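Keep in mind that this is a model prediction, so the values were computed, not measured. The figures here come from the full heavy-atom set of this structure, side chains too, leaving out hydrogens, waters and symmetry mates. Below, chains carry the letters A, B, ... as their sequence lines are ordered, and counting in each starts from 1.
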Amino acid sequence: MIGALTVGQRQAGLVILILGAVVGLAMAAAGAGEAFGAHGLIILAFCAALSFAVLARLDDPEPPAERRRAYYDDPIKVGIVLSMIWAVIGMFFGLWVAYLLAWPDLTLDAPWASFGRLRPAHTTAVIFGFGGSALIATSFHVMQRTSRARLAGEFSPWFVLIGYQLFVILAVTGYLMGINQSKEYAEAEWYADLWLVVVWVTYFVLYMRTLARRNEPHIYVANWYYMAFILIVAVLHIFNNIAVPVSFGGSQSYILWSGVQDAMMQWWYGHNAVAFFLTAGFLGMLYYYLPKRAERPIYSYRLSILSFWGIVFFYVWAGSHHLHYTALPHWVQTLGMTFSVMLLVPSWATAANALLTLNGAWHKVRDDATLRFMMVAAIFYGLTTFEGSFLAIRGVNALSHYTDWTVAHVHAGALGWNAILIFGAVYAAVPVIWRRERMWSNRLVEWHFWLAVMGTVIYVFAMWNSGILQGLMWRTYTDAGTLQYSFIDSVSAMIPYYVARAVGGTAFLIGTGIGVFNIWMTIRQAPEAHLALDRPTSPAGEADDRSVPAE
Amino acid sequence: MSVKERDPLTGHQTTGHEWNGITELNTRVPRAIWWFIGITHLWALVMWILLPTWPLVTSYTKGILGLDQRELVAGEIEAGERYREHWVVRFEGESLDGIRQDETLMEVVSGAAPAIWGDNCAVCHGVSGAGGPGFPNLVDDAWLWGGSDEAVLESIRVGINSAHPETQFSQMLAFGETDILTREQIRTVVAYVQSLSGLADPPPQMREEGAMLFADNCASCHGEDATGVNDLGAPNLTDDAWIYGGDTETLFVTIHDGRMGWMPGWEGRLTQAERKMLAVYLLDVLPEEGG
C-alpha cells in the first residue's frame, strides 16, 4: 500500500511522522513519570513504527500513472480492518463493564480497571474507534462511487485515517490512565482535541475537493449526509473543547465555559454527536448500501429532501432535553422538548424511505443476511428515534432520566442501528473493495445476523425493565408520604437485569468475532471477481479524462 | 444524463439521475407525513403558548400558564411537608418511649425508616446495621457513646469528630508514631489487651508488664478495668466487639498509628422526626430483624 504512493508522498509522510515523533519525545520529556509523558511515548512509538514501515518502502519504484484511472481503495481497506479491530476492543470493554456491574469484584482492585475508566474507554472505542473508522472508510467508498471520481489526493486520505486512529488511541489509553476532562463523549484532553481538529479539517477539505471533481451533475443524498456529518462534527468538537491548558507539559486543562453554560454546551455537543456522528453519517451509509444491495430505486427523492433538512434543522435545537429539571432555565428545556418532538417526523420519514425502498426486494431481505442487517438497522433507527422524542418530553424524562432506560435507549441505537448497519455495510463493501465474488461464508453472515439481533434485543429489554423499575422505585412513596425504597434497594433489584444484559452483550460480541473471522477469510480465501466497471467513468460509461486528476 | 424512467413495480418515475447504479423515484411525500408534521408542530405551538419558551432580549416568553420549574418544585416540597405534617408534629413532641407505645407512629417508623436508614446510614453501617471493618456494629450490645435513647439521638444529631459545632470528639493517640511506646511495648500491650477477651494467653511476665503499660497509657480513656468510657467514646476492650479488628496485626496498627473514626452529624440533613425514627429503628426494629 505504501508502494502505491509516489516517492514524494512517501517522503512527505516521513517528514510528518518524524515531526510527530519529535512532539511525542518532547511530551514524554515534559511529562516524565506522569500519564502525559506516557502519552508522549505512545505518540513516539506510533510515529516511529509507521516511519519504519515507510522507510522500508521509500526506494520502491514510482507507482504507475494508470492507477489514477481507478478508485483509490487502499485507505478504505485499512479503514474497514481498523474499524473491526476497534469493534472487538470496544465491545470487549463494554462487556467487561456489563459483567462488572453484575459482579462488582471484576474491577480487579486496580484504578485503571474501575468503572469510571473502563466506561469511557468502551464508549470511545465503539463510537469513535469502531463507528468513526467505519464512517471514514465508507465515506471514502461512497463519495468515490457516487461522484464517479477518484479521491482528491492520495496522501490526505491516509493522513485523515491514520491521524484519526492516533486520536482514538490517545483518548482510550488516556481514560485508562486517568486523563479525562469529564465531558461525556468528549473526555479527551486538550492536545488530543487539537490534533483531532487538524485531522477533521483535512477530512472536510478532502471531502469537498473530491465532490468538486465529481462527474455527476447532482450530489447524491448519501453525500449530503456525510457532508453534514463532517461539517457539524467539526463545529461541535471545537466549541465543546475550547479549553486552556494549565501547562503545555501536562494533560490538565480548564474549559472556557462555566456552570450551566458549560452543561448546555456539553449537551448541545453530546446530543448532536448522536445527531451528526451516529445519525447523519450513518444515514449516508444507509442511503448508499441499502438501495445498492436491494437493487431498488430510493422510494422518494422528495422524502429524502424533506427529512434531510428536517433532521439537520431540528436536531441542533434538541440538546437541552438532556438537562430537564436542572439549573438550566425552564424556557430552554421547553425549547429542547418541543423541537425533539418535531424532530420525530423527519426521523421517521427517513426510516420509512429506507424501508419503502425495500418494496420489491423483500425476497432479497429474506435470503440475504447482509441486506437484512440494513433492514433491521432501519427498523431500530425508527424505534430509537421514536423513543428519543418520547424521552425528551419533560414528564417522561422525570421517570426515565438517570435510569437504565437511557442505557437501553442508547444501545437500541448503538447496537441495533449503528453497529448492525456497519456490519451490513461492511459485508456489502468488503467483496467490492477486495474484488471478491462474495463473502467467504454466507452462513457465518447469517450466524452473525441472528447473534447480533438476539444480543441487541436481550440487552435492550433487560435495560428497559431495569430502567423503568429503577425509575418507579425512586418515586414510590409510602402512605406516610416518605420514600418506600432506599437507593441501595434499587441497586440490588438490578442484579438479574445486569446479568441478562451481560448475556446479550456476550452474544453480540461473539457475533462480531464471527464477522471479523469471516472478513479475514474473505480477504484471504474468497474467490476473486473482476468488476470491470468499478472505476471512475463518465455517466456514459466510457473512461473519461475528466475523472483523471492532473498530476 | 437525465433520462426519467418509470419503475415498473410502483409506476413512479425516477428523477432521471443515477449514481453507481442507484436511482431515485419521484414519489410524492405521503399524506401521512404532512399530517404528522401538522400534529407535532401544532403540539409544539400549544406548548410554546402555555409554557416559558422563547428568549427575548432581557427576558423570555413566560407562557400563559405562568409555570416556573423552581416555583413548582418549591410547591411540591411544601405539599409533601404538609402531607407529612400530622405525624411529624407528633414525632417531634414525643420521647422515644412515647413513640414506641404509639402504634400509628410505629407504623410510620416501619414504613419510612428503612429507606432513610438505607440512604443515610447503610453505606457505612450496612443495611442490617452489622457494620464492617472501621464501622461499628450497631445491633450488638457494645456502644461507643452509649446505647440509651438520649445517647443514640445525640450521636445521630452531632456525629463523631464531625463538622457539627457540638460534635462528640474522640481520638486514640498514635502511641508508636509519637514514640510514646516502643514497638516491643506495643506488642506487649497488644498481647495484654487480647488476653482481656480471651484472644491470647501470654506468659505471666508479659501479662504483668502489659497490665502496667495499660495502666499508665490506656486506662485514662478505656478505664482501669478496660471496659471503656462512653463519655469519651472509648470502647470496651474486654468484650468480643471490635471496630477495626482484634487480631494481633490490626491491634498493633491501631496502637501504633492511632485511630480517629468519623461520623457526620445529621442535624442539618435529617429532621428531628427523621432522627427519632432512625433511633427507634436502630434500637428496636433492626435488632429484631436479626441484625
Side-chain angles (χ1 to χ4, degrees), chain A residues 142 145-148 216-218 220-222 287-288 291-292 295-304 306 310 325 329-335 337-339 341-346 348-349 352 356-357 359-360 389 394 477-489 492 534 539-540, chain B residues 1-2 5 7 9-10 12 14-15 17-30 32-33 36-37 40-41 43-45 47-48 51-55 60-63 67-70 73 80-81 83-84 87 107-108 111-120 122-123 127 274 277:
Chain A
V142 171
R145 264 53 175 196
T146 57
S147 300
R148 295 179 192 276
E216 287 282 358
H218 282 241
Y220 181 54
V221 188
Y287 258 105
Y288 177 77
K292 187 82 184 151
E295 295 175 301
R296 286 289 304 157
I298 292 291
Y299 170 73
S300 168
Y301 172 62
R302 302 183 199 196
L303 210 47
S304 302
L306 181 105
Y325 303 100
H330 199 153
W331 61 265
V332 194
Q333 299 176 27
T334 312
L335 269 184
M337 169 177 83
T338 49
F339 275 88
V341 169
M342 290 188 282
L343 173 61
L344 179 58
V345 185
W348 266 24
L356 290 170
T357 297
N359 272 346
S389 296
R394 272 177 107 242
Y477 283 86
T478 61
D479 289 340
T482 62
L483 285 175
Q484 169 91 53
Y485 300 103
S486 63
F487 184 77
I488 193 68
D489 289 336
S492 306
D534 190 30
Chain B
M1 186 174 68
S2 179
E5 286 163 0
D7 173 39
L9 189 83
T10 58
H12 289 297
T14 69
T15 53
H17 302 290
E18 180 257 311
W19 298 268
N20 197 220
I22 300 172
T23 54
E24 295 168 317
L25 298 177
N26 214 359
T27 320
R28 66 176 187 78
V29 175
I33 299 274
F36 202 9
I37 290 177
T40 50
H41 287 228
W43 178 82
L45 192 65
M47 289 297 127
W48 294 349
L51 300 170
T53 308
W54 284 98
Y60 54 87
T61 59
K62 309 279 186 205
L67 297 180
D68 173 84
Q69 64 167 359
R70 287 165 198 276
V73 171
E81 276 166 4
Y83 181 83
R84 291 185 290 268
W87 56 260
E107 252 173 55
V108 175
I116 302 174
W117 174 270
D119 282 338
N120 297 286
V123 68
V127 175
E274 287 169 322
M277 229 186 265

If one checks every heavy atom of B:F36 against chain A at 4.5 Å, the contacting part turns out to be both

Scored by heavy-atom pairs under 4.5 Å with chain B, the best of A:T478, A:L335, A:V142, A:L344 is A:L335

Answer key: most heavy-atom pairs under 4.5 Å with chain A among B:T53, B:D119, B:T40 is B:T53

(Q) Is any side-chain heavy atom of A:Y287 closer than 4.5 Å to one of B:I22? (A) no

Given A:M337, A:R302, A:R394, the one with more heavy-atom pairs under 4.5 angstrom with chain B than any other is A:R302

Per-residue tally against chain A (heavy atom, under 4.5 Å) across B:A112, B:P30, B:P55 peaks at B:P55

- Message: Applying side chain to side chain contact (heavy atoms under 4.5 Å, CB included) to A:D534 and A:R145, what does each step give before you reach the verdict?
- Response: CA-CA 8 Å; A:D534 190 30; A:R145 264 53 175 196; 2.7 Å; yes

Is a side-chain donor or acceptor of A:R148 paired with a backbone partner of A:E216 at a separation under 3.5 angstrom?
no

Bottom line for B:W117: the part with an atom under 4.5 Å from chain A's heavy atoms is neither

Honestly, the part of A:F339 sitting under 4.5 Å from a heavy atom of chain B is side chain

Per-residue tally against chain B (heavy atom, under 4.5 Å) across A:T334, A:T146, A:T482, A:V345 peaks at A:V345

Chain A shares the most heavy-atom pairs under 4.5 Å, among B:L51, B:N26, B:V108, with B:N26

The interface call for A:F487 against chain B, heavy-atom contacts under 4.5 Å, is both

Minimal heavy-atom distance between B:P52 and A:H330, with the atoms involved, is CG-CG, 3.7 Å

Interface check, chain A: of B:T10, B:I33, B:T23, most non-hydrogen pairs under 4.5 Å belong to B:T23

Judged by modelled atom types alone, do A:S486 and A:D489 share a side-chain donor-acceptor pair under 3.5 Å? yes

Cut-off 4.5 Å, heavy atoms of chain B, and the answer for A:E295 is neither

- prompt: Is the backbone N or O of A:Y288 less than 3.5 Å from a side-chain atom of B:W19, with the two atoms forming a donor-acceptor pair by type?
  reply: no

Looking only at A:L306, A:V341, A:I488, most heavy-atom pairs under 4.5 Å shared with chain B are made by A:V341

Per-residue tally against chain B (heavy atom, under 4.5 Å) across A:Y477, A:Y325, A:Y299 peaks at A:Y299

ask   = Less than 4.5 Å apart, any side-chain heavy atom of B:E24 and any of A:Y220?
value = yes

Self-check item: B:T14 side chain vs B:E5 backbone, donor-acceptor pair below 3.5 Å
Solution: yes

